[in-house]
Participant: 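The structure's right below; bear with me while I get my questions together.
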Amino acid sequence: MTGTVYLVGSGPGDPELLTVKARRLINEADVVLHDKLPGPEILESIPESKREDVGKRAGGEWTPQEYTNRRLVELAEEEADVVRLKGGDPFVFGRGGEEAQHLAENGIDFEYVPGVTSAIAGPGVAGVPVTHRDHASSVSFVTGHEDPTKAESAIDWGALAATGGTIVVLMGVGKLPMYAEELRSAGMGPETPVALVERATWPDQRVATGTLETIVTVRDKREIEPPAITVIGEVAATRADVAAFLKGESNPESQEK
């Protein structure tokens with residue numbers, strides 16, 4: 001007999017965006033292995049005695065993925081029911097696919113529990129729709145934090161620049177200067193609107209806006225730090241139309257050029 005591992009998405013961080021099923025499984029689990037992104041209120045709701053932090057943060061502490069994989073198997077083989085709690089959705093740049101494969105290879109039953117992905121929710125709570133009939137009929141989701149062992153990036157920024165749709169970059173605030181330059185070099189206009197959403201749905205959420213030409217300066221001036229989402233495209237400019245009416249935003253900033 002072995003326990004079951006549940007690959008659970010916690011959403012962008014607001015505890016009210018945690019699904020009913022996710023909340024039930026967290027309450028029933030013997031152990032919860034979590035990363036750094038579920039949000040402070042969600043993590044604080046879990047008894048410390050059954051919480052294990054296996055998170056990663058750019059430039060800070062991190063837990064090797066190999067350790068997390070092994071730990072999931074170990075706990076399941078001890079007949080524990082385990083929630084592997086991830087920010088957003090486990091299968092959107094959350095390494096859930098890797099963990100599912102590892103569990104299957106070791107004969108461990110698992111279940112995928114979808115979460116609200118921050119790739120859509122993050123821009124949305126900041127007043128930026130990732131698609132809009134007048135501005136974008138497609139959206140591309142990109143990771144700003146690829147496997148460092150890769151010989152070269154698998155992201156074709158030139159192709160993305162040519163799509164004419166919205167580009168959403170997760171975990172990419174640190175490499176913003178690189179891909180902003182790549183996109184400009186590929187022909188994307190320097191006046192293209194850009195929005196940065198830091199800690200989306202958390203109590204200390206912050207938003208900064210600019211253009212492809214100015215956004216690095218804006219990032220540095222506003223001291224935007226991970227976790228943050230970058231939204232590139234005409235939809236980012238629509239925030240200016242709605243920010244004053246967004247509940248919870250008492251002092252929305254105007255677009256910085």
Side-chain angles (χ1 to χ4, degrees), residues 1-58 60-122 141 143-149 170-172 199-202 226-229:
M1 295 290 294
T2 62
T4 300
V5 174
Y6 298 91
L7 304 174
V8 178
S10 69
D14 182 340
E16 292 188 326
L17 295 178
L18 193 67
T19 67
V20 173
K21 184 168 187 175
R23 180 76 272 171
R24 175 177 63 80
L25 290 172
I26 290 169
N27 291 343
E28 295 175 352
D30 297 304
V31 185
V32 177
L33 269 63
H34 65 87
D35 61 26
K36 301 286 188 183
L37 299 177
E41 292 179 82
I42 293 174
L43 294 179
E44 288 167 7
S45 74
I46 305 169
E48 189 174 351
S49 60
K50 71 175 188 180
R51 256 179 11 225
E52 290 190 22
D53 185 347
V54 291
K56 306 170 183 68
R57 185 174 298 282
E61 297 179 354
W62 64 286
T63 302
Q65 185 63 48
E66 293 76 15
Y67 171 84
T68 302
N69 291 348
R70 288 197 308 271
R71 187 65 178 142
L72 290 172
V73 172
E74 289 171 358
L75 289 167
E77 288 179 340
E78 293 170 5
E79 301 184 22
D81 285 332
V82 184
V83 163
R84 173 66 174 104
L85 189 65
K86 299 170 176 289
D89 183 277
F91 286 178
V92 181
F93 304 131
R95 304 193 183 187
E98 298 174 41
E99 292 172 357
Q101 288 177 303
H102 186 78
L103 292 168
E105 288 168 0
N106 286 273
I108 304 299
D109 291 336
F110 71 92
E111 183 177 345
Y112 160 64
V113 182
V116 176
T117 176
S118 58
I120 296 172
F141 300 112
T143 178
H145 188 68
E146 294 184 89
D147 185 340
T149 63
L170 280 75
M171 304 174 289
R199 299 178 186 273
T201 80
W202 294 22
I229 296 163

Participant: Give me the one residue out of T2, V31, T4 that meets side-chain contact (heavy atoms from CB on, under 4.5 Å) with D81.
Facilitator: T4

Participant: For E16, look at atom CD and say whether over 12 heavy atoms of other residues, nucleotides or ligands are found less than 6.0 Å away.
Facilitator: no

Participant: Side chain to side chain contact (heavy atoms under 4.5 Å, CB included) for I46 and L85? Distances and angles first, verdict last.
Facilitator: CA-CA 11 Å; I46 305 169; L85 189 65; 4.0 Å; yes

Participant: A side-chain contact here means heavy atoms from C-beta on lying under 4.5 Å apart; do P227 and R199 qualify?
Facilitator: yes

Participant: With V73 as reference, evaluate L103, V82, V5 under the side-chain contact (heavy atoms from CB on, under 4.5 Å) test and give the passing residue.
Facilitator: L103

Participant: How close do G13 and W202 get, heavy atom to heavy atom, and via which atoms?
Facilitator: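 Heavy atoms only, the tightest pair is CA-NE1, 3.5 Å.
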
Participant: Could you tell me if the side chain of T143 sits less than 4.5 Å from the side chain of L170, heavy atoms only?
Facilitator: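 No. Closest side-chain heavy atoms not under 4.5 Å.
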
Participant: Got a salt bridge between R70 and E66, using NZ or NE/NH1/NH2 to carboxylate O under 4.0 Å?
Facilitator: no

Participant: Should D35 and R95 count as an ion pair when the cut-off is N to O under 4.0 Å?
Facilitator: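 Salt bridge: no.
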
Participant: Work out which heavy atom in G87 is nearest to a heavy atom in L37; give both atom names and the distance.
Facilitator: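 Smallest heavy-atom distance, with atoms named: CA-CB, 3.9 Å.
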
Participant: Donor-acceptor check, side chain of S118 to backbone of P12, threshold 3.5 angstrom: yes or no?
Facilitator: no

Participant: Please identify which of these residues, T63, T68, N69, meets the side-chain hydrogen bond (donor to acceptor under 3.5 Å, both in side chains) condition with Q65.
Facilitator: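 The option that passes is N69.
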
Participant: Answer yes or no: is there a donor N or O on one side and an acceptor on the other, between the side chain of K86 and the main chain of G115, under 3.5 Å?
Facilitator: no

Participant: Taking the six-membered ring for Trp, are the ring centroids of Y6 and F110 within less than 6.0 Å of each other?
Facilitator: no

Participant: For residues L33 and R71, determine if any side-chain heavy atom of one lies less than 4.5 Å from a side-chain heavy atom of the other.
Facilitator: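 In short, these two side chains touch, coming nearer than 4.5 Å.
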
Participant: Check G3 against I108 and note the closest heavy-atom contact, atom names and distance.
Facilitator: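 Taking G3 first and I108 second, the nearest heavy atoms are O-CG2, 4.1 Å.
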
Participant: Testing the basics here: between A200 and G122, what is the closest heavy-atom pair and its distance to 0.1 Å?
Facilitator: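 Minimum heavy-atom separation between A200 and G122: CB-CA, 3.5 Å.
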
Participant: At their closest point, which heavy atom of S45 faces which heavy atom of I42, and how far apart are they?
Facilitator: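 Nearest heavy atoms, S45 then I42: OG-O, 2.6 Å.
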
Participant: Salt bridge check: are R84 and E111 linked by an N-O gap of less than 4.0 Å?
Facilitator: no

